[in-house]
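Beneath this line is the structure, given in structure tokens, with notes to follow.
In what follows, chains carry the letters A, B, and so on, assigned in the order in which the sequence lines appear, proteins first and then strands, with residues in each chain numbered from 1.
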Amino acid sequence: MSLATGRQSESARAASAAEARYRIDVPIAPARAARVVALDDRAAQVAARLAAHRWAHAEFLRADAVGELRELGGGPLPLTAALIGADVVVVLATEDGGRDTAERIGRHCFRYGITTAGVVLGQGFEADDAVAALRPYARVLLLSADESDVFELLTALRV
Amino acid sequence: MGELFRQYWIPAMLAEELPETDGPPVRVKLLSERLVAFRDSEGRYGLVDEFCAHRGASLWFGRNEQGGLRCPYHGWKYDVSGQCLEVPSEADNSSFCQNVKLTSYPLVKIGDVLWTYMGDAATQPPLPEFEWTHVPAEQTYTSKRWQQCNWLQAFEGGIDSSHVTFLHSGGLKTDPLFKGAKGNEYNLNDTKPFFEVADSDGGLFVGARRNAEDGTYYWRITPWVMPAFTMVPPRGDHPVHGHFWVPIDDENCWTYSFDYHPVRPLTETERQAMVDGHGVHSKNIPGTYRPMANMDNDYLIDREAQKRGETYSGVAGIAMQDASLQESMGPIVDRSKERLVPADSGIIKARQKLRKAAVALRDEGVTPPGVDPEHHRVRSAAVVLPQAESFLDSCRDAVKAVPGTAQHTV
């Protein structure tokens with residue numbers, strides 16, 4: 001068709017660099033309310049470093065020794081209250097201590113339709129149990145030795 | 001990123017493009033450099049600067065004869081290393097031509113592919129050892145197609161398992177190189193896969209998990225070897241397939257697509273299906289590597305076939321279903337406009353690894369992952385595992401290429 005007329009097809013024209021200039025250019029409003037939950041002490045240190053960055057709708061929490069959630073440097077929060085309004089929960093773990101909390105968070109998120117992601121930081125498989133506890137619920141599990149993965153994930157999710 | 005690619009052996013062309021000694025030279029554009037490839041009288045392969053050192057005429061017009069490529073303009077002649085052999089206008093005993101050498105790169109045949117290394121000769125790595133190029137010829141088939149977009153947006157489709165359930169749903173039922181596998185049922189019955197992403201020595205493993213029978217998950221495991229090699233998890237006893245994306249320039253790339261079976265020859269039916277553009281391959285315009293369905297004919301989109309449910313997007317063929325959407329993003333997609341979701345974590349991680357490797361190379365000279373041939377010995381896999389099992393723990397052998405052993409597949 002277009003070859004016969006000598007004119008570009010709709011697809012060829014639309015995919016050109018020239019046409020890309022006419023794409024609607026509006027800022028993308030952050031659409032996700034995120035909770036980042038650290039399950040253990042090392043994960044809490046990572047969360048604290050992340051919290052120092054500027055985020056639109058991210059709140060950072062940690063699980064204490066008995067599995068209760070707390071704001072970083074703050075008081076305890078019931079799980080339901082901590083996650084109310086969240087549409088994505090990113091769970092951080094570096095070892096197995098937080099497996100029960102991981103499972104509680106996973107169940108809660110599953111029940112309330114909150115997308116769950118797990119980032120397990122460390123070398124080897126120091127957090128096998130935490131991973132196993134999260135697996136049924138976490139839409140994605142990122143197993144990584146690189147702390148910056150969490151920053152990259154949150155940045156890409158525009159939280 | 002160009003420097004990063006120059007650390008690796010990459011596909012330069014198919015071996016079928018230089019089938020005979022003293023045959024016609026072929027234009028090759030790679031990493032934004034214009035080159036010409038030829039095969040001399042002794043069968044040696046050469047990949048040299050396209051333009052004659054004298055006046056800049058294209059050596060695509062060159063006469064390939066008597067051990068070299070001669071520019072037809074004034075007769076300057078070059079060997080496969082780019083060394084000038086003759087400058088007819090100079091005196092017979094002139095040493096002038098010894099000081100004239102075109103930029104050149106090695107060109108080596110491994111399997112169906114001619115590979116080149118465009119980096120510093122001092123750090124040239126050992127030759128690649130991807131399994132698909134090392135099995136006997138009757139067990140493997142490779143095609144290539146021109147894709148009109150930046151290589152990265154094409155490559156990212158190779159580690160994005162969640163699009164298969166939608167875009168390729170028609171192909172899972174009908175494509176001769178896909179259909180009939182038990183795993184397809186799991187694919188089609190569970191449209192919301194879960195993902196696990198883990199580092200490998202050479203890149204990543206991306207595991208996509210779907211529900212299978214009670215107490216089990218169906219896992220599809222995709223390896224990525226940096227910078228641009230991916231494999232598709234297998235289906236039944238169909239040949240295993242995958243891709244290598246090679247930048248032509250910032251706005252075009254070559255997609256090399258391969259199928260191989262680790263332990264048996266491809267059947268005539270399978271090979272013909274590949275030639276006909278089924279599976280991951282495309283039907284190309286004869287004499288070219290441009291797909292017959294391309295942006296100039298709106299990919300031959302068939303809205304009636306879409307309505308009938310034969311294709312999900314209206315575009316036929318798995319390869320062109322992918323390419324049509326990747327090209328529709330524009331020559332280089334504006335990633336500041338994306339809204340990524342957790343299921344895109346493989347893509348997020350891959351971008352991060354590429355960027356980190358490029359920075360480490362630039363600032364500290366660190367050799368990136370995927371250069372070591374040991375990193376090439378990977379396979380994709382499809383397995384059903386008990387729900388409690390980690391795909392990484394359970395599939396360590398399945399994702400390793402061991403010659404003479406069958407793929408792990410469902």
(message) Could you tell me if the side chain of R32(A) sits less than 4.5 Å from the side chain of P342(B), heavy atoms only?
(response) yes
(request) Please tell me if the side chains of Q352(B) and D146(A) come closer than 4.5 Å, counting only heavy atoms from C-beta onward. (result) yes
Starting at [atom1] of [X], measure out to [atom2] of [Y] and round the result to the nearest 0.5 Å.
X	Y	atom1	atom2	value
L143(A)	F391(B)	CG	CZ	7.0 Å
L142(A)	I348(B)	CG	CD1	8.5 Å
L141(A)	S345(B)	CG	OG	9.5 Å

State, to 0.1 Å, how close [X] and [Y] come at their nearest heavy-atom pair, and which atoms those are.
X	Y	answer
V197(B)	V140(A)	CG2-CG2, 4.4 Å
Y217(B)	P136(A)	OH-CA, 3.8 Å
E327(B)	A15(A)	O-CB, 3.4 Å

In terms of heavy-atom proximity below 4.5 Å to chain B, should [X] be classed as side chain, backbone, both, or neither?
X	result
R13(A)	neither
T116(A)	neither
F151(A)	neither

Determine the option with the most heavy-atom pairs under 4.5 angstrom with chain B, choosing from [options].
options	answer
S148(A), A14(A), A145(A), S16(A)	S148(A)
L153(A), V26(A), V131(A), D25(A)	D25(A)
A20(A), A117(A), S144(A), A132(A)	S144(A)

Which one of [options] has the most heavy-atom pairs closer than 4.5 Å to chain A?
options	result
E251(B), R335(B), R355(B)	R355(B)
P193(B), G346(B), A343(B)	P193(B)
K192(B), M329(B), K337(B)	K337(B)

[X] versus chain A, the contacting section by heavy-atom distance below 4.5 Å:
X	value
A198(B)	both
R209(B)	side chain
Q148(B)	neither

(message) Has R158(A) got a side-chain atom pairing as donor or acceptor with E338(B)'s backbone, closer than 3.5 angstrom?
(response) yes
(request) May I ask you to check whether over 12 heavy atoms, not counting those of I84(A), lie within 6.0 Å of atom CD1? (result) no
(message) Regarding E152(A) and K356(B), does a basic nitrogen lie under 4.0 Å from an acidic carboxylate oxygen?
(response) no
(request) Taking only Lys NZ, Arg NE, NH1 and NH2, and the carboxylate oxygens of Asp or Glu, determine whether R135(A) and E196(B) approach each other closer than 4.0 Å. (result) yes
